[in-house]
Amino acid sequence: MIAPVGASLPWSVSNVTVPLGAFFAFAVAATVQARGIAAVNASTWACLLITCILLVAVRRLTALGLLGYARHLGEHRVTVDASGIRIETERHTQETGWQFYGRCVEGRRVFVLLTPDASRSGVMILPKRGLASPQDSDRLRELITAHLGHLPTR
């Protein structure tokens, strides 16, 4: 499922594979703890290895899919003002109000806006390299703080 930038996905493969992989790893660990390492046969270890590989592959394929989608849209021009965030590409325009986001985390190279839902599935990443000057970073930080509150840093 492809969703616009910042949109919330109701379901994704990683929402299923991560809990399934964690459950499987827990089951293997519980078996080893209760019965010893000899109780776990080769097919169980193979399934655990395949699950781990799939977890890594799903994340990588998701990232590649999103990158392909971003390339399909073309150059992104982002405007942030008091009304919200406006994203313009060659193929579409999207406007999102501040009420869509619940909080923001600032990193060394990005501002990450997150939706207030528990899964934080709606994400907007604003890279600082897109700003014209270091003063613009301060202005953007002030604007985000005015609408979303204090910015924790990572």
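Predicted model, so just to flag it, every value in this text is computed and none were measured.
Separating the NE2 atom in His72 from the OG1 atom in Thr89 is a distance of 8.5 Å, to the nearest 0.5 Å. Interatomic distance, Ile144 CD1 to Arg139 CZ, rounded to the nearest 0.5 Å: 12.5 Å.
Partners of Arg86 according to the salt bridge (Lys or Arg N to Asp or Glu O under 4.0 Å) rule, which considers only residues two or more places apart in sequence or in another chain, are Glu88, Glu95. Under the ring pair (Phe, Tyr, Trp, His ring centres under 6.0 Å) criterion, His147 pairs with Trp98, sequence neighbours left out. Remark: Ser83 pairs with Asp81 by the side chain to side chain donor-acceptor pair (under 3.5 Å) rule, at least two apart or across chains. Judged as a side chain to side chain contact (heavy atoms under 4.5 Å, CB included), and not counting sequence neighbours, the contacts of Asp138 are Arg141. The side chain to side chain donor-acceptor pair (under 3.5 Å) check on Ser43 picks up Asn41, with sequence neighbours excluded. By the side chain to side chain donor-acceptor pair (under 3.5 Å) test, Gln135 is found to be paired with Ser133, residues two or more places apart in sequence or in another chain being considered. By the side chain to side chain contact (heavy atoms under 4.5 Å, CB included) test, Arg71 is found to be paired with Leu67, residues two or more places apart in sequence or in another chain being considered. With sequence neighbours excluded, the residues forming a side chain to side chain contact (heavy atoms under 4.5 Å, CB included) with Val78 are Val80, Ile85, Ile87, Leu126, listed by chain and number.
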Report task. Start with the C-alpha gap between Thr96 and Gln94, add the side-chain angles, then the distance that decides, and say whether side chain to side chain contact (heavy atoms under 4.5 Å, CB included) holds. Result -> CA-CA 7 Å; Thr96 307; Gln94 175 185 345; 3.2 Å; yes
Report task. Evaluate side chain to side chain contact (heavy atoms under 4.5 Å, CB included) for Phe100 paired with Thr115, printing each intermediate quantity in order. Result -> CA-CA 6 Å; Phe100 182 77; Thr115 56; 3.4 Å; yes
Query - Test side chain to side chain contact (heavy atoms under 4.5 Å, CB included) applied to Arg129 and Arg109, step by step - result: CA-CA 7 Å; Arg129 71 174 183 263; Arg109 297 182 293 178; over 6 Å; no
Requested in this report: Walk me through it: do Leu113 and Leu148 pass the test side chain to side chain contact (heavy atoms under 4.5 Å, CB included)?
Outcome: CA-CA 9 Å; Leu113 283 76; Leu148 301 180; 4.1 Å; yes
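Of all non-hydrogen atoms in Val110 and Pro127, the two that sit nearest each other are CG1-CA, 3.9 Å. When all heavy atoms are compared, the tightest approach of Gly102 to Pro116 is N-CD, 3.6 Å.
Within the hydrophobic cluster formed by Ile, Leu, Val, Met, Phe, Trp and Tyr side chains joined at under 4.5 Å, directly or through other members, Ile53 is accompanied by Leu49.
With Lys128 contributing its side chain and Asp136 its backbone, the two residues share no donor-acceptor pair below 3.5 Å. A donor-acceptor contact shorter than 3.5 Å links the side chain of His76 to the backbone of Gly74.
Hydrophobic clustering (ILVMFWY, side-chain heavy atoms < 4.5 Å, transitive): Phe111 and Leu143 are in one cluster.
Put simply, the side chain of Met124 does not reach to within 4.5 Å of the side chain of Val112, judged on heavy atoms.
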